[in-house]
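All of these numbers come straight from a predicted model, not from anything done at the bench. Per chain, numbering begins at 1; letters A, B, ... match sequence-line order.
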There are 2 protein chains.
Amino acid sequence: MTLSARPTLSQVADLAGVSVASVSRVLNGLPASPEMTTRVRAAVDSLGYTPDARARSLKVGRTEQLVLVVPDVGNPVYTGLMRAVAAVVKDAGYRLLLSTGNSEVAEEIAILDGLSSGYADGVIISPLRMTEPILDALQRLRHPAVVIGTPPAAVPVDAVQADSAAGVELAMQHLVNTGRHRIAFVNGPVDTVPGVARQRGFDRADTRLLAGAGRRHAAAAFTVDAGREIAGRVLDDRPDAVLCANDLLAFGVMRVAHSRGIRVPDDLAVVGIDDTDLAAVVSPGLTSVNLGSGERGAAAARLLLARIADPERPAERVVVDPWLTVRESSTPARQEGVR
Amino acid sequence: MTLSARPTLSQVADLAGVSVASVSRVLNGLPASPEMTTRVRAAVDSLGYTPDARARSLKVGRTEQLVLVVPDVGNPVYTGLMRAVAAVVKDAGYRLLLSTGNSEVAEEIAILDGLSSGYADGVIISPLRMTEPILDALQRLRHPAVVIGTPPAAVPVDAVQADSAAGVELAMQHLVNTGRHRIAFVNGPVDTVPGVARQRGFDRADTRLLAGAGRRHAAAAFTVDAGREIAGRVLDDRPDAVLCANDLLAFGVMRVAHSRGIRVPDDLAVVGIDDTDLAAVVSPGLTSVNLGSGERGAAAARLLLARIADPERPAERVVVDPWLTVRESSTPARQEGVR
DNA sequence: CTGTTAGCGCCTTCAA
DNA sequence: TTGAAGGCGCTAACAG
């Protein structure tokens, strides 16, 4: 119920009638005679001894803890990432600290700077915006760090990035292949990491596939509400397809389409990005570009572990390829090939 | 980029020409002369000194860390909880460790037992099943713990619980009020914490409101797929309303209804439980019983902090009242009163 | 193979 | 008000 006096190493040693060093050795699997081993184990068991993580980490200089920083713990966009990071980190024998920057740059920086107190051995951060202050904080960080996103090439930091431009093109190609040509693009704020990348992807695909005929819209945020808000303007153009910069925006658009009696996918195809769990949940299911958030999370965790193992290794960048998950929102009945 | 030698207290002391004790005092806001304070601060700044969290926690016996254990990090059912816990914990100056039991009792127990190494000051656990082994692990735990769920009254542990029976009744009453009488209930596995409670709530409401005419179904899991799987059997009875034991099941039912051309809410009302973020996202919006997961998370965090502050206080149980969020899935157009 | 000992970096009596 | 010194619990030389 409440914390009482925990047994210590020396108590175990006393009970076993051996030195603390011997206990430590047995516990850490270092050479010891069979007899010693049994005596120590017996004492450990009878006392219910567990080594103190605090003392151990002070001595060995490691905490066995890693931090994951995301803008919003509850956002479905990050759940795939969180799950994957949690799994890899745990398998490697580390604990995971979850920090949220509450979508505030200042908070993200505070978290990064706070790491200098050494409460964890490394950090994975998925910053909402890749601004100078964040990059500065990363530079002065004395701990291993991995960025999920695309820092300037000049910054020597491990990073895992999605190829959102390729993802957008995948979606565009799919829409064109299924006969859509009046395509609207609904982006979120273009001063964010995802915003700029997805805009670039659309511009490129638009030029290549539609001779620049695509319509661009920028919602106030990457949220369902922002999607609903802007949907009116978007649908007034009577597009035959809407490509949204993330699933949440797409859900917002779908709701407005639904209330206007516009049938998806017959009258209007809708495609999202991120392929969140929700995309498979709504009716009709939302076709979405999967940017490999799980893969990126796992890759980031592995990069971090690699750097911790070898701090001198050169900074590495991993790019995860996107794929398209086709569901009902963009095709009448048949299922197109996936990935 | 990589961790290099961090300055220590004694280095600061040397630079300032004072003793380590004085530096410690200044840093911890204990009485010190103005001159001493300025000298120390100067030295701290010039060295970029940050106290070592590991050493500090060894000395003071606290880690300033709390653990939250949930069955699945990515499940939308837990996002409200996580967000609320994260916020309260952070405001109190603690860091949050996120552990997932991967929906395995054994893993949850391992996490609880692992806490005896003292890597955190307390734990909040939302166990999937309230089984003996979990309760045993809680009993032998030497750290403050708060359970989200309903342990047997005899177990003296702080707990925060939802009143799911009341929630189910709320939903039933709403359906009856809006003219539905052929009501089907789709539960998940009844050997889980939510399963039993929701079953009890339905049975009670069914007796009271429908004279026991309600149909009961048990899906294989609390998932969308399980909902889709069982939806066929459920809809074959031609109910005019389906109450689902959680939102995910409801989404599954809605998808099948949609593909069968059954209109929601005109032909069929659908109500879920949990009021996840997704409920507001789908079209039509899903009416859902909100069991106050955010409120429960916040309450749990506060209980934990209270117990840490006073380990002797008697165990407390907090019950959070449910409310109904009415959306389109259960009412043609108008919005009924909320909460 | 085992025991002794010196810290890891910090806080906190205890004297001065 | 300030300094000296002793641990918190553990690991890692170093002797034996």
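In this structure a side-chain-to-backbone donor-acceptor pair under 3.5 Å is missing from B:R296 to B:V160. In this structure, the side chain of A:D52 engages the main chain of A:A55 through a donor-acceptor pair within 3.5 Å. At distances below 3.5 Å, not a single donor-acceptor pair connects side-chain atoms of B:T50 with backbone N or O atoms of A:S117. The backbone N or O of B:M36 lies less than 3.5 Å from a partner atom in the side chain of B:S33, making a donor-acceptor pair. Using modelled atom types, no side-chain atom of A:R25 and backbone atom of A:A32 make a donor-acceptor pair closer than 3.5 Å.
For the pair A:S10 and D:dC10, the criterion of a side-chain N or O lying under 4.0 Å from OP1 or OP2 is not met.
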Checking salt bridge (Lys or Arg N to Asp or Glu O under 4.0 Å) for the pair A:D158/A:R307: CA distance, chi angles, key distance, verdict? CA-CA 9 Å; A:D158 292 310; A:R307 172 148 313 285; 2.4 Å; yes
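Protein atom CZ of B:R39 is 14 Å distant from nucleotide atom C1' of D:dT1, rounded to whole Å. In this structure, A:Q11 places its CD atom 11 Å from C1' of D:dG9, rounding to the nearest Å. Taking atom CG of A:L30 as the reference point, atom P of D:dA12 lies 8 Å away to the nearest angstrom. The CG-C1' distance, from A:L58 to D:dT11, rounds to 10 Å in whole Å.
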Do any side-chain atoms of residues 126-133 of chain B form donor-acceptor pairs under 3.5 angstrom with protein atoms, and if so which ones, sequence neighbours left out?
from	atom 1	to	atom 2	distance (Å)
B:R129	NH1	B:D191	OD1	3.1
B:R129	NH1	B:D191	OD2	2.7

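Of the listed residues (A:L138, A:L66, A:L141, A:I111), just one forms a side-chain contact (heavy atoms from CB on, under 4.5 Å) with A:V123, and that residue is A:L141.
Between the CG atom of B:L58 and the NZ atom of A:K59 there is a distance of 11.5 Å, given to the nearest 0.5 Å. The CD1 atom of A:I308 sits 9.5 Å away from atom CD of A:E64, with the distance rounded to the nearest 0.5 Å. Rounding to the nearest 0.5 Å places CG of A:L27 at 6.0 Å from OH of A:Y49.
Of all heavy-atom pairs spanning A:R317 and A:V155, the tightest one is NH2-O, 2.8 Å.
Of all nucleotides in DNA chain C, those with any atom nearer than 4.0 Å to a heavy atom of chain A start and finish, going 5' to 3', at C:dC1 to C:dG9.
Five base pairs at each end of the helix from C:dC1-D:dG16 to C:dA16-D:dT1 define two local axes, and these are offset by 40° (rounded to 10°).
Screening residues 78-98 of chain A for salt bridge (charged side-chain N to carboxylate O under 4.0 Å, His left out), with sequence neighbours left out, gives A:R83-A:D277, A:R83-B:D72, A:K90-B:E107.
Residues from residues 47-57 of chain B with heavy atoms under 4.0 angstrom of DNA chain C, sorted by number: B:Y49, B:P51, B:D52, B:A55, B:R56. For the contact set between residues 15-29 of chain B and DNA chain D, defined by any heavy atom under 4.0 Å, the members are B:V18, B:S19, B:A21, B:S22, B:R25.
Residues A:L9 and B:T37 each lie close to DNA chain D; by heavy-atom proximity, the contact nearer the 5' end of the strand is made by B:T37.
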